[in-house]
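Worksheet: one structure, shown below.
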Amino acid sequence: MAGLHPPLASCLLNSDSRLLFQMPRYDAARIEPKWQAYWDEHETFRTSDDPASGSKGNLYVLDMFPYPSGAGLHVGHPEGYTATDITCRYARMRGKHVLHPMGWDAFGLPAEQHAIKTGVHPAVTTKNNIDNFRRQLKMLGFSYDWSREFSTTDPDYYRWTQWIFLELFDTWYDAEFEWTDATGGERRGKGRPIRELRIPKCVQEKGDEAVRRYQDKHRLAYQASAPVNWCPALGTVLANEEVIDGKSERGGHPVQRLPLRQWMLRITAYADRLAEELDECDWPESVKALQRNWIGRSTGAEVDFYIGPETTPHRLHATHDEFEGWKTIRCASGFPADPGDEVIRVFTTRPDTLYGATYMVLAPEHPLVDRLTSEEQRHAVDAYRRQAAAKSDLDRTDLAKEKTGVFTGSYAINPVNGIRTPVWIADYVLASYGTGAIMAVPAHDLRDWEFACTFRLPIVHVVEPPVGYEPSKEERALCRDCDGDADCPYTGEGTAINSNAYNGTPTSDFKPMITMALATAGLGREAINYKLRDWLFSRQHFWGEPFPLWHELDANGNPTGLLRADTSDALPVKLPEDFHFKPHGRPDPPLEEAPDSWLYKTAEDGTRLKRETNSMPQWAGSCWYYLRFADPKNETAFIDPAKEKYWLPVDLYIGGAEHAVLHLLYSRFWHKVLFDRGHVSTPEPFRKLVNQGMILGEPELTTYRRESLPGLGNSLEDHPTDPAGWISAKDVRKDVDPKTGQETFADSSSGMGVVAVRVMPDQVEKSGGEFTLKGHPSIVVESRATKMSKSRGNVINPDDVVKSYGADSLRLYEMFMGPLEATKPWQMSGVEGVYRFLARVWRMIADEAADDVKLNTAVQKVEPTDEQERLLHRTIKAVTQDIESLSLNTAISRMMEFVNAFASSEVRPKSVCEQFVLVLSPFAPHLAEELWHLLGREKTLAYEPWPEFDESKIAESTVEIPVQVNGKLRGRVRVAADGNSAAAEAAARADNVVAAFLEGKQVVKVVAVPGRMVNFVVKP
RNA sequence: GCCCGGGUGGCGAAAUGGCAGACGCACAGGACUUAAAAUCCUGGGUCCCGAACGGGACGUGUGGGUUCGAGUCCCACCCCGGGCACCA
């Protein structure tokens, strides 16, 4: 961290007291608070609900709002915020009606954990953190409409979060429903009110309670038992994304998996739309790919393998007659939605390989396992299931190399050929995907192949690879020796063999043919599966939105399983006041200990009710905040429909790539439900999305030293010339200690431990593309920038940067570092560079030598020269185009070029200065306002019209173009800008050097692009 | 393993298929100064020839290709970063 910035340092250190108050210097500390106060006082950036007259359309530009952590703003935050701020300030000057709000995503675990540790209520911590974040954002001069600010923890806000939850609770997904949406599109599939759910007669007959339970099973919000990540050390339950490698993300404590009653949201009902409608979004392809990948749609077929009726005593397989009888029934009844208990239903993407199914595998948790287990196998199966249950998902995947499993002792019958197929259980089949059961085709699936080889199960090839096919790396790796021949699995498409009547059919034809045949026979049907699972929507936390739901209790005070929703006038359901929650050491929610007055009530009909005590996850509040900003104070609706129509969707949304999947997928899901229910008018919430890249810490040079050497300090200075202990970074093996999560280093040849040593730049030299230790060319030094983190001590605090250089410098530097989307390392010397640029701008217009702040005498009311005008218009053009494409780094370069050229003018026309100040203003608004004022303007420049460029003033009469001979640059000639290619060729031939290269050669061809270049193609 | 990004001076980077390295940092030299800071000016991809003016060869991770011409397009590979990872 650099200390005070040099000019300030010199002011303070200089004994000349006059300099302490030297106003004329570029003094960010004086200018910035002044203009921030001005904008606040005049509400300069307040967005009215109605556009000003003459408005050129509206623009909604949104930052991903922050979680106000106790650590305050990170330099990563202002990166995206500056980019959006520049966009907004520019748009306002172009006459747009701009919505640019900010708020706080303030529910969440840290404040709760802080409360457990210190006893300070999360609401207090949250308020303090928000105050600090707001102070820091205002300090950076962002043009937010602060009148729209809110926090997800405000009851006025979460009232509507609860309201939207009740909409989800009140909605079921009708996949067949055909309708015309608000945009006029024809659609199939819609989220509909639960009262429109058709109740089957058999349910209706069982009475009111049965109907309610039937409805509950179909809602988008439903209850299920799901394993939670219980962390005893934190005394809390964690979300999946808060668990990394089986440990808590915060603190690294071990996590256990326990089943608990949970709220789920049926996001899978929208999986197809979430995947398909990405096409409409102007988003980075990488983010779309990430989401599609996450949704993981695969098409295939569900197929039933017959196991026969349950019998006592247990039989190992059904008889042939039973199988034939079952087929006859199925032929008549068709394929049932519910498989029943006479079949194992499997999902496969390769129904064409049915003839190659040599065994089946059930997930250990599959409900049919018990029934299919024979007496002889009972012991082994039970042991395996116990073992599998104890393993976390991670342990399961960790053991990927070794396939494990147990035979149940029973067989199922393959519907296409009537062959008895052994049924195994194995943990490589997941209960939560597909039907939790597979048909194994070892010849054409690598996992099945490995399993079959391990347990010596038969392998039947049913797909012939195309002629000349070479097995892939993985396929080759699994090859086995088969009577002297190599036998490999094959996972690609080809031609059917060993498949009865289908022999010779290409895979791509086979799949639909057999799917159709199975469907006709009632034995299978086309099916689609997703990797995406339903969204676990409850948390066992205090600091989150309460659910607006009640559980009915029976006479003994036990829940009956029936629910009642709060009515919307009962919202918000606030957290209990004066409740000092403490961890009670159980995985169930802290609100279980809330006062009875909060927890219980009696309904008008006399039913005892108990509140739902789970709370919503942090995602809930961030799922719809972009809607509320358009109408933040509305007390009768979450948003006014007219305002929704006017502002939505968000035109530009900028935030970190860490939200590429979850936040963006969850908000799209909610938006689509609201769309189906008629509350919003577009199917997608965010039109254009940009991810700002991560800002890394300053690059560090590292070398390695044997740790066993005694007496050496951890610094190169201690033994700068001692070659004995140094290890080239190339010879160092890095591992992560599984217990501590710490990185460990070892000499890869000896295996001995080594330690990392920080090296200074002057101790390093470059040789052959690598950094090496000075004087030890064999010792390679690593240079890398790493993520900023407290533990590395390389975190840059925006407060410090602003104190030393000012907000305008911080803003400018963050934009100047490189492309917005790129990951890039912080370098404090770069801040210094942009600071110097701003100081040059100041001196270009202000008089530094004077005693008071006044205009530089070079700034005069005169007409600009042609050259000055060309410079100005070129700059306006470049900056304008760069802002529109968010190439903010090059926009700044262009302004630097302008200043480098213009500041050397003895006379600087005032009009040019004014235009330049306006161009600079979105980037460095404080300095620009100050100079604008100095140039004699009274009001803010925030709504001054953006300078227009005039193409005719940019054009030059002559241009210099390169001349090549055989593609190699041999000279440059100056030609008329509008000249033709013949003139360019003639000028090129006249050049001495070029002529020398053409001398005695035969010119085969001349390529002349007017105004660009000339190339002579010659032969000797 | 699969899916995305990305490899250009000492560093951050720039370049609609047409002068590689704009702009900035760091560095070196100079001016100003009693001195320093600040500021201003100058220089620079590498190697070679040359006292100098100047000129040549090579140069955007590696190897091929397309093209009059490739950092940019195509093929193969290597390395770095991110995401997913037994999803049938």
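Residue numbers begin at 1 in each chain, while the letters A, B, ... track the order of the sequences.
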For [N], what is the paired nucleotide under Watson-Crick or G-U wobble rules, both distances under 3.5 Å?
N      : value
U33(B) : none
C11(B) : G24(B)
C58(B) : G45(B)
G18(B) : C68(B)
C84(B) : G1(B)

In chain order, what residues pass the disulfide (SG to SG under 2.5 Å) check against Cys479(A), with sequence neighbours excluded?
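So Cys479(A) forms a disulfide (SG to SG under 2.5 Å) with Cys488(A).
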Which sits closer to the 5' end of RNA chain B, Ile961(A) or Ala839(A), going by the nucleotide each is nearest to?
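With Ile961(A) and Ala839(A) compared, the 5'-side residue is Ile961(A).
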Return the value, rounded to whole Å, for the distance between atom NZ of Lys824(A) and atom C1' of G5(B).
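Lys824(A) atom NZ is separated from G5(B) atom C1' by 13 Å.
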Using whole Å, report how far CG of Leu838(A) lies from P of A38(B).
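Rounded to the whole Å, the gap is 17 Å.
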If we ignore hydrogens and angles and just use 3.5 Å, is the side chain of Ser885(A) paired with the main-chain N or O of Gln881(A) as donor and acceptor?
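Looks like yes, one N/O pair under 3.5 Å.
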Applying side chain to side chain donor-acceptor pair (under 3.5 Å), name anything that partners [X], two or more places apart in sequence or on another chain.
X         : answer
Glu985(A) : Arg989(A)
Ser981(A) : none
Thr421(A) : none

Hey, does [X] reach any base, or is it just sugar-phosphate, or nothing, if we go heavy atoms under 4.0 Å?
X         : result
Ser286(A) : sugar-phosphate
Gly296(A) : nothing
Pro819(A) : sugar-phosphate

Restricting to side-chain contact (heavy atoms from CB on, under 4.5 Å), what partner residues turn up for Glu700(A), sequence neighbours left out?
Arg758(A), Arg792(A), Asn794(A)
Results of side-chain contact (heavy atoms from CB on, under 4.5 Å) for Glu79(A) - residues two or more places apart only
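Per chain and number, Glu79(A) pairs via side-chain contact (heavy atoms from CB on, under 4.5 Å) with Gln692(A), Ile695(A), Glu814(A), Met815(A), Leu820(A), Lys824(A).
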Check against side chain to side chain contact (heavy atoms under 4.5 Å, CB included), Phe1016(A) and Gln964(A):
CA-CA 6 Å; Phe1016(A) 294 96; Gln964(A) 300 173 343; over 6 Å; no
Quick one: which protein N/O atoms are closer than 3.5 Å to N/O atoms of nucleotides 57-59 of chain B? Pair and distance per line, please.
{"from": "A57(B)", "atom 1": "OP2", "to": "Arg970(A)", "atom 2": "NH1", "distance (Å)": "3.4"}

Can you check side chain to side chain contact (heavy atoms under 4.5 Å, CB included) on Leu446(A) and Thr491(A), steps first, answer last?
CA-CA 7 Å; Leu446(A) 301 180; Thr491(A) 58; 3.8 Å; yes
Euclidean distance for [atom1], [N] against [M] (whole angstrom):
N      : M      : atom1 : value
G61(B) : U72(B) : C1'   : 16 Å
C75(B) : C4(B)  : P     : 13 Å
G65(B) : G59(B) : P     : 14 Å
C79(B) : U62(B) : C1'   : 10 Å
C2(B)  : G64(B) : P     : 26 Å

A correct 5'-to-3' footprint of nucleotides 65-79 of chain B, with B, S and - meaning base, sugar-phosphate only and no protein heavy atom under 4.0 Å, is ---BS----------
What pairs with Glu658(A) under salt bridge (Lys or Arg N to Asp or Glu O under 4.0 Å), at least two apart in sequence or on another chain?
none
Please list, chain by chain and in numerical order, all residues satisfying salt bridge (Lys or Arg N to Asp or Glu O under 4.0 Å) with Arg970(A), sequence neighbours excluded.
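Listed in chain order: nothing, the list is empty.
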Return the orientation label for the His663(A) and His659(A) ring planes: parallel under 30°, perpendicular over 60°, tilted otherwise.
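Ring orientation of His663(A) relative to His659(A): perpendicular.
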[N] phosphate, OP1 or OP2: any side-chain N/O from [X] under 4.0 angstrom?
X         : N      : value
Arg836(A) : A26(B) : yes
Ser298(A) : A88(B) : yes
Asn889(A) : A14(B) : yes

Record whether the side chain of Lys531(A) comes under 3.5 Å of the base of C84(B) through a donor-acceptor pair of N or O atoms.
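By the distance-only test, no, there is no pair.
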Is there a donor in the side chain of Asp272(A) and an acceptor in the side chain of Tyr530(A), or the other way round, less than 3.5 Å apart?
yes
Provide the closest heavy-atom pair for Glu365(A) versus Ala431(A) in the form atom of the first, atom of the second, distance.
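Looking at all heavy atoms of both residues, the shortest contact is OE1-CB, 3.6 Å.
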Quick check on contacts: within residues 895-902 of chain A, what sits under 4.0 Å from RNA chain B by heavy-atom distance?
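Close to the strand are Met896(A), Glu897(A), Asn900(A).
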Please enumerate all protein N or O atoms sitting under 3.5 Å from an N or O of nucleotides 29-31 of chain B, with distances to 0.1 Å.
none

